[in-house]
Participant: 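Got a structure here, written out as structure tokens. Questions coming.
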Amino acid sequence: MRGALIAIEGLDRTGKTTQTERLLVKLKELNIKHKLVKFPKRDTQIGNLINTYLTEKSFQLSDQAAHLLFSANRWEIIDEIKKELQGGTVVILDRYVYSGVAYSAAKGLDFQWCLNPDVGLPKPDLTVFLQFKQSENASRTGFGDERYEVAEFQEKVKLLFENFSTNSEWSPLYVDGLTIDQVHEEIWSLFKQYLEGLDEDLQVF
Ligand code: NYM
Ligand code: MG
């Protein structure tokens, strides 16, 4: 049995990080082996560059080069993730390939071109996509000042994410009007069937 690979996806400010933290607490309580990986993973050399790109508007990089850095940031840690899965650990991803494609394609890059560098990465067994039914997101306060944290751009990203909604592992979760606890309960109800681990091999993008 291998561990499940679970991704939490969504636009900025939809509560991904809060929810992944809640999941970790629960998994700890239940004594289930788990590992969280947050992408971009900013504490590697590639991740450092990405962090500079996101936080310093003066750091100039072509959209293509930035895109490839985000993908490289996944590839540089994927063997470690696979090893954890083989050892029976549940791996939770806070953003993954879907963010990679949606944010770059929203800038006008070709969708398939955006997916290509990630082809071969393992597909999650479950992807929970946090979203707002209303485009309430656009008017939400609390955007930081990183690159991309602009309402109009987020609307474009949202449309691009919709391309994945036909994937079999894709589970949209509307968070409008729900409390943090309620969202957690919803995620948990999707999540719990994967806790025992899986026999089938990982699929790949
Ligand atoms: N982002 C994230 C991308 O543009 N491509 C990617 O492959 C990934 C993983 O990074 N606005 C963007 C989306 C976010 C930004 O992520 C930082 P976070 O989760 O806010 O730290
Ligand atoms: Mg963010």
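Start at 1 and go down the list; that is how both ligands and their atoms are numbered. Note that these values count all heavy atoms, side chains included, but never hydrogens, waters or copies made by symmetry.
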Participant: Within a strict 4.5 Å, meaning less than it, do heavy atoms of the Phe70 and Pro40 side chains meet?
Facilitator: yes
Participant: Answer with side chain, backbone, both or neither: which part of Gln154 has a heavy atom less than 4.0 angstrom from an atom of ligand 1?
Facilitator: neither
Participant: At under 4.0 Å between heavy atoms, which part of Val97 makes contact with ligand 1: side chain, backbone, both or neither?
Facilitator: neither
Participant: Under 3.5 Å between any N/O of Glu146 and any N/O of ligand 1: does that happen in this structure?
Facilitator: no
Participant: How far is atom 15 (C) of ligand 1 from its nearest protein heavy atom, and which residue and atom is that?
Facilitator: Leu54 CD1, 3.9 Å
Participant: Show me which atoms of ligand 1 lie under 4.0 Å from any heavy atom of Arg95.
Facilitator: 2 (C), 13 (C), 14 (C), 16 (O), 18 (P), 19 (O), 20 (O)
Participant: Closer than 4.0 angstrom, basic N to acidic O: yes or no for Arg95 and Asp12?
Facilitator: yes
Participant: Taking the ring of Tyr98 and the ring of Phe205, is the distance between their centroids below 6.0 Å?
Facilitator: yes
Participant: Around atom CD of Gln60, are there more than 12 heavy atoms from other residues, nucleotides or ligands closer than 6.0 Å?
Facilitator: no
Participant: Please check whether Glu149 reaches ligand 1 - meaning an N/O of the residue sits under 3.5 Å from an N/O of the ligand, judged on distance alone.
Facilitator: no
Participant: Does the side chain of Arg74 come within less than 4.5 Å of Asp118's, by heavy atoms?
Facilitator: yes
Participant: Does the separation of the ring centres of Phe161 and Phe129 fall below 6.0 angstrom?
Facilitator: yes
Participant: With a distance cut-off below 6.0 Å to the six-membered ring centre and an angular limit of 45° from the axis, does Arg147 pair with Tyr53 as a cation-pi contact?
Facilitator: yes
Participant: Once you restrict to heavy atoms under 4.0 Å, what part of His67 touches ligand 1? Side chain, backbone, both or neither.
Facilitator: neither
Participant: Which of the numbered atoms in ligand 1 are below 4.0 angstrom from a heavy atom of Arg74?
Facilitator: 6 (C), 7 (O), 9 (C)
Participant: Under a 4.0 Å N-O cut-off, is there an ion pair linking Lys107 with Asp63?
Facilitator: yes
Participant: If you count the atoms of ligand 1 from 1 in the order shown, which ones are under 4.0 Å from a heavy atom of Lys38?
Facilitator: 18 (P), 19 (O), 21 (O)
Participant: Suppose we measure from atom 2 (C) of ligand 1 to each protein heavy atom; which comes out shortest, and what is that distance?
Facilitator: Phe70 CE2, 3.6 Å
Participant: Using side-chain heavy atoms (C-beta onward) and a distance below 4.5 Å, is Asp43 in contact with Asn51?
Facilitator: no
Participant: Does ligand 1 come near enough to Asp12 that some N or O of the ligand is less than 3.5 Å from an N or O of the residue?
Facilitator: yes
Participant: Need the atom name: nearest N/O/S atom of Asp12 to the Mg ion (ligand 2).
Facilitator: OD1
Participant: Hey, is Phe39 touching ligand 1 through its side chain, its backbone, both or neither, going by heavy atoms under 4.0 Å?
Facilitator: both
Participant: What protein heavy atom sits nearest atom 17 (C) of ligand 1, and how far off is it?
Facilitator: Arg42 NH2, 3.4 Å
Participant: Kindly indicate whether the side chain of Leu173, heavy atoms from C-beta on, has any atom under 4.5 Å from the side chain of Val183.
Facilitator: yes
Participant: Look only at interatomic distance and state if Tyr96 has a nitrogen or oxygen under 3.5 Å from any nitrogen or oxygen of ligand 1.
Facilitator: no
